[in-house]
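A quick write-up on the structure given underneath.
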Amino acid sequence: MSTEAIADASFLIDWARYSGRDRLFNVFNVVWIPEPVLGELQSEHTLMWVARGMASGSMALFPELPNYREEALRLIEVSRRFPVRHLDYPEAYCIAAASDRGYVVLSENGAAYASQFLYARARVWRALEVLAKLIERGAIDRGEVHRYEEETKHKFPRRDLERLGI
Amino acid sequence: MTLPAWYVEREEEARRVRRGSADWRFIEGLPPRLKAAVLIFIELGDLRLAHRVAGTTLEEFIDTLREAGVWTP
């Protein structure tokens, strides 16, 4: 599988609160941050984590390129044909770039997650899929999922936990 | 193409989780735009739409959802 990911703001804001946030780099060699996403990050906490990630080479800025911008706009239009939440530009840009380059999209946005079942080629992972991968690799135990919930105030539906065998 | 059944059921469960875990006293005390945005998120789970209604930064809005006990995207 690809060892590179591209993250949207909803994932970064969520994951940055987790004390084990740097475990993300046990799963992905590089996490790309698109320019439109970087503009959505505001808090010192999240920005400093991203800055440290960039300084260490675990994260990198992904430029806004005309071909992916065009594809992102097309994906936004396509998303409006389905009776589910619609994509917005930052996550559409992530999906456009990931589809072409084989990255995994990291997003907590429901529209982005649903897109992989309906019209997008890119795989989309939420925090829970990353945690499941870390469990599978033996990097954390199942109890860490509850720590994640406590630290980020992110409550996972039981059905998600069961589907991933957590 | 359609959404897998498990995902449709997951979305229903997520809505129930948001409704059930909401701190309604906190939500009732929010300014009108923010309160409306939180209610939209609880019912639809649509972060982008709710964020637009909130009129705050995305991070501030997610923090509000955390405080309201409804951060189940």
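Per chain, numbering begins at 1; letters A, B, ... match sequence-line order.
For a heavy-atom cut-off of 4.5 Å, chain B lies close to no residue in residues 48-77 of chain A.
Under the 3.5 Å distance criterion, with hydrogens and angles disregarded, no donor-acceptor pair is assigned to the side chains of T57(B) and Q42(A).
Side chains of R48(B) and N109(A) form a contact here, defined as non-hydrogen atoms less than 4.5 Å apart. At a threshold of 4.5 Å between non-hydrogen side-chain atoms, the residues I13(A) and R66(B) count as touching. With contacts defined as side-chain heavy-atom distances shorter than 4.5 Å, the pair P157(A)/R16(B) does not qualify. Taking 4.5 Å as the limit, some side-chain heavy atom of D14(A) sits within range of a side-chain heavy atom of W71(B). Side-chain contact check for D160(A) versus W6(B): some heavy-atom pair is nearer than 4.5 Å.
Here the straight-line distance linking atom CZ of R17(A) with atom CD1 of I62(B) works out to 10.0 Å at 0.5 Å rounding. Note that the CG atom of L47(A) and the CD atom of E59(B) stand 6.5 Å from one another [nearest 0.5 Å].
L65(B) and W24(B) end up in the same hydrophobic cluster when Ile, Leu, Val, Met, Phe, Trp and Tyr side chains are linked at under 4.5 Å. I42(B) and V17(B) are assigned to two separate hydrophobic clusters, defined by single-linkage of ILVMFWY side chains at heavy-atom distances under 4.5 Å. A continuous path of ILVMFWY side-chain contacts below 4.5 Å connects V78(A) to V84(A), so both sit in one hydrophobic cluster. Under the 4.5 Å side-chain heavy-atom criterion for Ile, Leu, Val, Met, Phe, Trp and Tyr, I40(B) and V38(B) are members of distinct hydrophobic clusters. No path of Ile, Leu, Val, Met, Phe, Trp and Tyr side chains, each step under 4.5 Å between heavy atoms, connects L44(B) with Y7(B), placing them in separate hydrophobic clusters.
Environment of CZ in R19(B): crowded, with over 12 heavy atoms of neighbouring residues, nucleotides or ligands closer than 6.0 Å. Counting non-hydrogen atoms of neighbouring residues, nucleotides and ligands closer than 6.0 angstrom, the CZ atom of R15(B) exceeds 12 such neighbours.
Considering only heavy-atom pairs separated by less than 4.5 Å from chain B, the leading option among E40(A), K153(A), K155(A) is K155(A). For chain B, the option among G110(A), P90(A), S43(A) with the highest count of heavy-atom pairs below 4.5 Å is S43(A). If you tally non-hydrogen atom pairs under 4.5 Å between each of P83(A), A111(A), A114(A) and chain B, the highest count goes to A114(A). Between chain B and the residues H86(A), R126(A), E149(A), E91(A), the largest count of heavy-atom pairs under 4.5 Å involves E91(A).
Only the side chain of R52(B) comes within less than 4.5 Å of a heavy atom in chain A; its backbone stays farther off. In this structure, no portion of L87(A) lies under 4.5 Å from any heavy atom of chain B. In this structure, chain A has a heavy atom under 4.5 Å from the side chain of E11(B), while its backbone stays farther away. Neither the backbone nor the side chain of L49(B) comes within less than 4.5 Å of any heavy atom of chain A.
Of all the heavy atoms in L118(A) and L3(B), the pair that sits closest is CD2-N, 3.7 Å. Taking each heavy atom of A9(A) and L58(B) in turn, the nearest pair found is CB-CD2, 3.6 Å. Across all non-hydrogen atoms, the minimal contact from H154(A) to P73(B) is NE2-CD, 3.4 Å.
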* Show your reasoning for whether salt bridge (Lys or Arg N to Asp or Glu O under 4.0 Å) applies to D46(B) and R85(A). => CA-CA 7 Å; D46(B) 190 329; R85(A) 293 170 227 161; 5.4 Å; no

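With hydrogens and angles disregarded, no donor-acceptor distance shorter than 3.5 Å links the side chain of R159(A) to the backbone of E13(B).
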